[in-house]
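Heads up, the thing below is written out as structure tokens.
The first residue in the sequence is number 1, and the count goes up from there.
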Amino acid sequence: MHPHHFATKAIHAGQQPDPVTGAIITPIYQTSTFVQSSPGVFKGEYDYSRAANPTRTAFQDNIAALEGGRHGLAYASGVAATGAVVHLLSAGDHIVVCDDVYGGTNRLFNRVFKQLGLEISMVDMTNERAYRDAFRDNTKLVWIETPTNPTLKVIDLEMACGIAREKGATSAVDNTFATPYLQNPLALGAHIVCHSTTKYIGGHSDAIGGVLITDDDELHTRLKFLQLSEGAVPGIFECFLLLRSTKTLHVRMDRHCANAEKVAHHLEAHPAIERVIYPGLESHPQHALATRQMKAGGGMVTVFLKDGLAAAKRMLERVQIFALAESLGGVESLIEHPAIMTHASVPPEQRAQLGISDALVRLSVGIEDADDLIADLDEALR
Ligand code: P1T
């Protein structure tokens, strides 16, 4: 039986004291294989660590509980988890993908899977009509990201997953920006939830990983078969780090959200800033939906500088506390330029259409002191 509230599950779900020693923390079972007493006779599910490893099982069970799903599967990276979902499909199948996604996700769909004979349509999922119209007879999968990376559009999950079900397609939601603490797509109708655990779930910028969660037994069986067959599993030490990190996810997220909200409000009034996008701001186009769908606005803030690329570069070179780096979701604040960095692989005309301009700067607001972060930004913008 799992305790019911998030904070209790974060600390306890999937874990019990080590049966041999009583160790309160799940050990790092740094082993590739497990001894059998007779051919095919082994303890639990453990015969070989690509198939299953106790440290990984504990993390998978923990994150599944946090998303309110029964099954979790961990991967070597977020893009490996994304790829695993697409491997459920066959050549000739059609996928509807949210138009604004992480640059690496865009690259995976359009430059890897398209070549393997999958049809890909990218659509603005904040436009229900356009989304509905994107479905074809052979649509098998819908790939949703919300809030989106980097323009922070908020997609109505009940609407998007509901239409996918109506059309007989599987819906997968990349919940990386929101985390299971702020939003639970399975409860809103999604079949599969995906995370890059490299971000908030890991939370300390020290491990690359991904995870899939589902409540559907059949989907889980097929995904587990693919996890075993393709082998894109995380290292055992990474699983230990993730299990350690989820224990503080709720505490970190509360601070990320509080800090990001302060930063967003401050920048909205700043003379060097043209526009701020943050789901928690009233000026956000889907603010009402964000308030309904998410517990808080999250830790990501996107801004447009009045003076374009030159001003953006100057700001990025001058920050002292914010670090100029790709990635997000760590305790330390990061800042980056998507057009040159994380979304460089998105074709320029598509970037222009999405509004990922040279004036756009993305902030991952960390859990340092908010006043220090604001002073750092003010100094860089002076
Ligand atoms: O980097 P990896 O763990 O493989 O995760 C890929 C990924 C998937 N989904 C979302 C929403 C992401 O943001 C990412 C990775 N993003 C960055 C590295 C970035 O700086 O945006």
Side-chain angles (χ1 to χ4, degrees), residues 1-18 22-28 54-74 146-147 157 173-188 190 193-207 209-215 234 238-262 279-280 290-300 328-333 364-370:
M1 188 199 76
H2 286 316
H4 294 294
H5 294 98
F6 190 96
T8 311
K9 286 196 283 192
I11 291 163
H12 297 291
Q15 298 151 85
Q16 53 260 312
D18 180 49
I24 194 163
I25 294 302
T26 302
I28 306 169
T55 314
R56 193 172 93 213
T57 300
F59 169 62
Q60 291 177 160
D61 290 352
N62 178 265
I63 192 72
L66 295 184
E67 275 292 6
R70 270 175 303 143
H71 310 290
L73 291 168
T146 181
L157 286 174
V173 177
D174 184 334
N175 203 27
T176 299
F177 272 33
T179 82
Y181 182 58
L182 300 183
Q183 167 177 289
N184 296 122
L186 296 180
L188 299 172
V193 173
C194 171
H195 287 278
S196 165
T197 57
T198 314
K199 316 305 180 199
Y200 292 102
I201 289 171
H204 297 73
S205 307
D206 54 9
V211 72
L212 297 177
I213 302 109
T214 184
D215 220 17
E238 273 67 21
C239 295
F240 167 81
L241 287 174
L242 289 165
L243 200 50
R244 179 184 183 152
S245 293
T246 50
K247 290 180 194 290
T248 56
L249 180 61
H250 50 296
V251 181
R252 286 184 282 112
M253 286 315 293
D254 279 339
R255 185 62 68 88
H256 279 295
C257 293
N259 282 0
E261 200 173 311
K262 283 184 194 164
T291 307
R292 199 166 72 235
Q293 186 164 278
M294 299 168 68
K295 190 179 160 83
M300 301 300 293
L328 58 113
V331 291
E332 57 286 286
S333 293
S364 171
V365 181
I367 64 170
E368 301 96 335
D369 183 278

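The line from CD1 of I25 to CZ of F240 is 7.0 Å long, rounded to the nearest 0.5 Å. Between the OG1 atom of T26 and the CZ atom of R56 there is a distance of 14.5 Å, given to the nearest 0.5 Å. Atoms CZ and OG1, from R255 and T248 in turn, are 12.5 Å apart once rounded to the nearest 0.5 Å. Note that CZ of R244 and CD1 of I28 are 9.5 Å apart. Values are rounded to the nearest 0.5 Å. Between the NZ atom in K199 and the OG1 atom in T176 there is a gap of 8.0 Å [rounded to 0.5 Å].
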Should F6 and L249 be marked as a side chain to side chain contact (heavy atoms under 4.5 Å, CB included) after you check the CA-CA gap, both sets of side-chain angles, and the distance that decides it?
CA-CA 10 Å; F6 190 96; L249 180 61; 3.9 Å; yes
Worked check of side chain to side chain contact (heavy atoms under 4.5 Å, CB included) between Q183 and T146:
CA-CA 10 Å; Q183 167 177 289; T146 181; 3.6 Å; yes
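The backbone N or O of L328 sits nowhere less than 3.5 Å from a side-chain atom of S364 that would complete a donor-acceptor pair. Side chain of K262 to main chain of A370: no donor-acceptor pair is present (N/O by atom type, distance under 3.5 Å, no hydrogens or angles). At least one donor-acceptor pair under 3.5 Å links the side chain of H204 to the backbone N or O of G202. Listed for the R252 side chain is a donor-acceptor partner under 3.5 Å among the backbone atoms of Y200. Judged by distance alone, the side chain of N62 and the main-chain N or O of A10 form a donor-acceptor pair under 3.5 Å. Under the 3.5 Å distance criterion, the side-chain polar atoms of Q60 are left unmatched by any main-chain donor or acceptor of L212. A distance-only check finds a donor-acceptor pair linking the side chain of Q15 to the backbone of A13 [under 3.5 Å]. Panel note: side chain N259, backbone G366; a donor-acceptor pair is recorded below 3.5 Å.
A207 approaches L241 most closely through the heavy-atom pair CB-CD1, 4.2 Å. Across all non-hydrogen atoms, the minimal contact from P185 to V173 is CG-CG1, 3.7 Å. The minimum heavy-atom distance between G330 and S205, with the atom names listed, is CA-OG, 3.7 Å.
Side-chain atoms of M300 and P147, non-hydrogen and from C-beta on, never get closer than 4.5 Å to each other. Side-chain atoms of P180 and I63, non-hydrogen and from C-beta on, do get closer than 4.5 Å to each other. Taking the side chain as every heavy atom from C-beta outward, L188 and N184 never approach each other to under 4.5 Å. At least one side-chain heavy atom of L182 sits under 4.5 Å from a side-chain heavy atom of C257. Within the 4.5 Å cutoff, the side chain of V193 has no heavy atoms near those of the T214 side chain. Counting heavy atoms from C-beta on, the side chains of E332 and E368 come closer than 4.5 Å. Between H256 and V365, every side-chain heavy-atom pair lies at or beyond the 4.5 Å cut-off.
Applying the 6.0 Å contact sphere to NZ of K247 captures more than 12 heavy atoms from other residues, nucleotides or ligands.
The side-chain contact (heavy atoms from CB on, under 4.5 Å) check on T197 picks up F59, H195, I201, V211, L242, with sequence neighbours excluded.
Sorted by first then second residue, the salt bridge (Lys or Arg N to Asp or Glu O under 4.0 Å) pairs that include residues 64-73, not counting sequence neighbours, are R70-D215, R70-D217.
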